[in-house]
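A short write-up of the structure that comes next.
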Amino acid sequence: MGLGVLASRATRLSGRGNPSRSLFYVRTIVTKPELQSPEASSAAAAPEPTPDLPPRTPLGGARVHFPNPDDAIEVFVDGYPVKIPKGMTVLQACEVAGVDIPRFCYHNRLSIAGNCRMCLVEVEKSPKPVASCAMPALPGMKIKTDTPIAKKAREGVMEFLLMNHPLDCPICDQGGECDLQDQSMAFGSDRGRFTEVKRSVVDKNLGPLVKTVMTRCIQCTRCVRFATEIAGVQDLGMLGRGSGEEIGTYVEKLMTSELSGNVIDICPVGALTSKPFAFKARNWELKGTETIDVTDAVGSNIRIDSRGPEVMRILPRLNEDINEEWISDKTRFFYDGLKRQRLNDPMIRGADGRFKVVSWRDALAVVAEVLHQAKAKEVVGVAGKLSDAESMMALKDFLNRMGTNNVWCEGNGPNPNADLRSGYIMNTGISGLEKADTFLLVGTQPRVEAAMVNARIRKTVRATNAKVGYIGPPTDFNYDHQHLGTGPETLLQIAEGRHPFCSEISNAKNPAIIVGAGVFEREDKDAIFAAVDTIVKKYGNVVRPDWNGFNVLLLNAAQAAALDLGLVPESSESIETAKFVYLMGADDINLDKIPNDAFVVYQGHHGDRSVYRANVILPASAFSEKEGTYENTEGCPQQTLPAVPTVGDARDDWKIIRALSEVAGVRLPYDTVSGIRSRIRTVAPNLLSLEEREQATFAASLKPEVKQKISSTPFKAAVENFYMTDPITRASKIMAQCSALLAKK
Amino acid sequence: MAFRLTGVRVAANSGSLEEARGRVFEFFKSACRSIPQIMEIYNLHDVISESQLRSNIASQFRRNAHITNPKGGRGLQVIDMLVFKGMEELGNIVEHAKQRHHIIGQYVVGQHGLVQDLNPKDDAISPFLNNFYKTNYS
């Protein structure tokens with residue numbers, strides 16, 4: 001008798017009773033009789049399961065922080081005991097125990113609404129299933145997440161939600177990353193009892209960024225809570241009751257927040273989707289590259305989703321220290337600028353004033369020849385606001401080898417102070433701002449200069465009622481503030497103790513002073529910083545061993561790294577007498593200052609302002625196409641990674657300078673990125689410890705005395721248009737629409 | 001028009017280098033014989049002359065000039081395989097299984113692209129610069 005015959009006999013024998021149970025166990029989603037009458041079955045399963053479970057890992061790296069060890073309570077999740085601090089909700093306790101509770105309305109950065117009912121769990125001795133997101137965990141609570149009652153409750157909620165939800169997943173942009181889709185597969189029933197007509201809701205116009213299909217909305221109110229709590233605009237709200245409930249702007253109005261794009265991410269269904277991304281791609285065909293945003297000095301962590309050579313969309317990445325899980329609208333939607341106005345071939349301006357495409361060999365030969373004709377003192381290099389540390393290092397090394405040190409980064413002003421690192425970075429750190437209880441903003445409008453820093457200040461103001469004093473031109477804030485004055489004389493009054501705000505600073509536990517980088521461009525910059533230093537010294541609580549409240553809020557991604565690398569010009573007037581100007585992506589310098597007979601080389605990725613003045617164009621790669629180090633305003637170096645290939649015949653920035661140096665006969669000694677990094681190690685080693693904030697060691701008290709007089713010119717707004725600040729955003733069509741519709745006039 | 005190049009069909013494996021060499025020449029001749037027809041089919045008269053096309057084809061042969069073993073390692077018959085691939089390619093071309101831009105891209109413009117440096121002074125430059133002129137990626 002062979003084995004096969006034996007096996008078939010065994011099958012036949014056992015198959016007589018219940019054929020499907022023993023051998024062919026297939027898990028399907030069905031409604032079983034036990035589920036129809038859950039009370040009876042839970043009563044049947046009365047014997048307590050022994051908590052002999054292996055220790056579970058908390059969900060998503062959830063950490064438990066006990067502010068007070070006495071406040072720890074113990075609850076049981078599915079029989080597994082967990083220790084949690086008092087005040088945590090049942091849902092959070094389940095997360096710590098490693099059980100994922102389905103949810104729609106609950107979001108851990110928003111207030112608790114408890115209206116979707118998806119997170120229902122069974123709690124022993126409670127007559128009904130409880131909404132775990134809104135229920136505080138009590139000592140000894142026995143939570144059951146996997147019982148027939150909980151399962152039936154979820155099935156019921158899913159059935160109600162799907163009753164009015166359209167069946168348009170195939171044409172929905174959320175399809176594939178939709179919470180409702182996933183959870184109906186996991187927790188829903190296999191059939192519905194709904195036969196009537198589905199409800200439909202009129203779509204709302206929320207502006208050029210957010211597309212609405214309101215019929216898909218399940219009224220979780222995450223977007224409403226996000227708008228009021230985090231974005232700080234009261235634009236969205238809930239209208240109507242019952243089945244007539246709708247999300248909408250109360251009046252016909254666009255959503256005017258610089259963070260509005262985040263409602264796309266928090267919407268659990270496809271009601272709010274990205275308008276520029278609509279019907280462009282499916283999310284499963286995209287390649288994600290984890291990289292860094294360069295449109296402001298915050299360095300938000302982003303993921304670039306690309307398909308082939310095209311950037312399709314940009315999403316935020318979680319980084320609690322920098323951007324939490326939000327990004328600004330500029331960061332999210334400027335990517336279409338990466339496809340327009342790109343420079344793709346080396347070009348030389350001919351005698352007729354028109355550009356002619358040439359080979360790299362010819363272009364570099366021409367540049368090198370002109371460079372050698374100019375005197376060393378007449379050579380000037382300017383790095384742009386999007387430059388990475390590697391290329392700035394190469395530019396500085398190259399020009400130093402040519403015998404000049406006239407190299408700087410735009411935005412840092414004519415004579416930047418690169419001596420004391422504490423004088424140009426945000427010493428408190430972005431997440432450190434949450435500890436502050438009084439803010440003094442000097443000449444900075446964080447809402448347009450660094451939207452994520454502004455969100456952090458707003459969070460602090462909301463949580464702790466921190467005081468905010470502001471000196472600068474009238475601007476709008478999305479939190480309570482006192483407008484102290486418009487010019488430096490208010491700063492002097494505070495420094496001399498003649499201002500009512502002085503008592504706020506001296507009474508504060510952790511005061512934070514934030515100076516805007518727009519001050520760098522002022523003539524009396526040193527005097528203003530001296531006045532701020534006086535305030536720091538006068539009120540001893542601003543800078544102490546355990547708290548550094550002196551901050552500079554930078555504007556551009558390149559600024560901090562440029563100052564770390566020492567891109568400081570020899571003389572501030574060098575550009576007026578220049579014969580050879582090398583612009584490495586610098587588009588915001590005053591081109592009128594360049595003399596008419598100067599030879600201008602523009603190396604960059606966009607045909608922006610400086611191209612009109614350039615004699616030679618060397619096409620470079622944008623931040624999405626290269627590996628580069630950027631240091632953000634709090635001094636945290638981070639790296640971009642190439643998401644898409646370069647456009648046309650463009651080359652990476654540092655490679656162009658390295659190649660040019662060889663053609664010019666002053667060959668730089670590095671051929672690879674790692675080579676250039678070891679050169680950076682000798683200049684600014686902190687740029688290589690990625691994602692680690694290096695604190696500035698010396699305080700500003702070491703600064704020499706300043707004899708400059710403060711002028712009475714009021715502070716100016718550093719950023720005129722939030723949506724268009726650099727070559728990429730200026731080339732973006734979406735940003736143009738935004739500035740036409742949303743920018744504050 | 002069915003494709004027939006009866007003379008050069010690869011029968012059994014080449015027994016020796018001499019035999020393989022003979023086959024290569026046989027195949028090259030048949031390719032040269034097809035040139036007028038190819039010029040006609042793909043309308044190449046205004047982009048290249050017959051002799052230039054012939055020398056381009058010859059240079060593709062010379063790219064493999066260093067292969068001397070009819071039987072490579074582990075019994076791989078490199079030359080026979082290359083001849084077979086070449087015949088396949090020629091067959092496709094003569095059968096009009098390709099389009100004009102395929103021919104222009106591969107046999108008229110060649111590997112170097114449209115922009116060619118007329119006076120390459122590659123004697124003194126570093127490998128980095130050499131690679132830089134070619135591509136952004138190494």
Side-chain angles (χ1 to χ4, degrees), chain A residues 309 342-348 356-365 367-369 391 394 398 603 605 618-622 624-628 642 644-676, chain B residues 42-49 51-63 65-66 85 88-89 92-93 97-138:
Chain A
R342 288 300 296 268
L343 302 171
N344 54 0
D345 280 311
M347 283 183 256
I348 297 180
K356 208 168 128 264
V357 174
V358 292
S359 70
W360 271 105
R361 197 181 293 267
D362 297 346
L364 292 186
V367 173
E369 201 186 316
S391 58
F398 171 52
Q603 168 191 332
H605 39 82
L618 305 175
S621 47
S624 55
E625 295 148 13
K626 66 182 171 189
E627 186 183 332
V644 288
T646 48
V647 173
D649 212 11
R651 302 281 189 268
D652 291 349
D653 281 296
W654 72 267
K655 283 183 184 164
I656 297 174
I657 292 167
R658 161 67 182 77
L660 177 60
S661 75
E662 184 170 340
V663 176
V666 285
R667 187 169 146 183
L668 293 172
Y670 27 75
D671 284 352
T672 53
V673 182
S674 54
I676 208 162
Chain B
Y42 296 99
N43 197 15
L44 298 176
H45 295 288
D46 51 346
V47 287
I48 200 167
S49 68
S51 59
Q52 278 170 333
L53 186 58
R54 195 178 305 118
S55 65
N56 279 357
I57 293 171
S59 73
Q60 301 236 359
F61 274 79
R62 287 203 190 90
R63 272 219 318 240
H66 60 285
K85 280 171 78 172
E88 195 73 21
E89 175 84 5
N92 285 339
I93 291 172
K98 297 206 169 208
Q99 294 183 358
R100 190 167 182 251
H101 69 269
H102 293 125
I103 310 298
I104 290 177
Q106 209 168 348
Y107 300 99
V108 177
V109 177
Q111 299 291 323
H112 308 293
L114 285 168
V115 181
Q116 286 184 30
D117 290 308
L118 296 174
N119 48 350
K121 305 173 276 280
D122 284 354
D123 42 338
I125 68 172
S126 70
F128 174 87
L129 194 55
N130 210 353
N131 185 49
F132 177 85
Y133 286 142
K134 278 192 212 122
T135 167
N136 188 30
Y137 303 99
S138 48

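Only a predicted model underlies this, so the values are computations on that prediction, with no experimental measurement involved.
Scanning all heavy atoms of the two residues, the minimum distance from L129(B) to V663(A) falls at CD2-CG2, 3.9 Å.
In terms of modelled atom types and a separation under 3.5 Å, the side chain of D652(A) and the main chain of N136(B) share no donor-acceptor contact. The main-chain N or O of F132(B) is found under 3.5 Å from a side-chain atom of R651(A) such that the two form a donor-acceptor pair.
The CZ atom of R658(A) sits 5.0 Å away from the CZ atom of F128(B) when rounded to the nearest 0.5 Å. Once rounded to the nearest 0.5 Å, the distance linking NZ of K655(A) with OG1 of T135(B) reads 7.5 Å.
Contact annotation: the side chain of Y137(B) approaches that of P645(A) to within less than 4.5 Å [non-hydrogen atoms, C-beta and beyond].
I656(A) touches chain B through backbone and side chain together, each having a heavy atom under 4.5 Å away. Proximity to chain A (any heavy atom under 4.5 Å) is shown, for S126(B), by both the backbone and the side chain.
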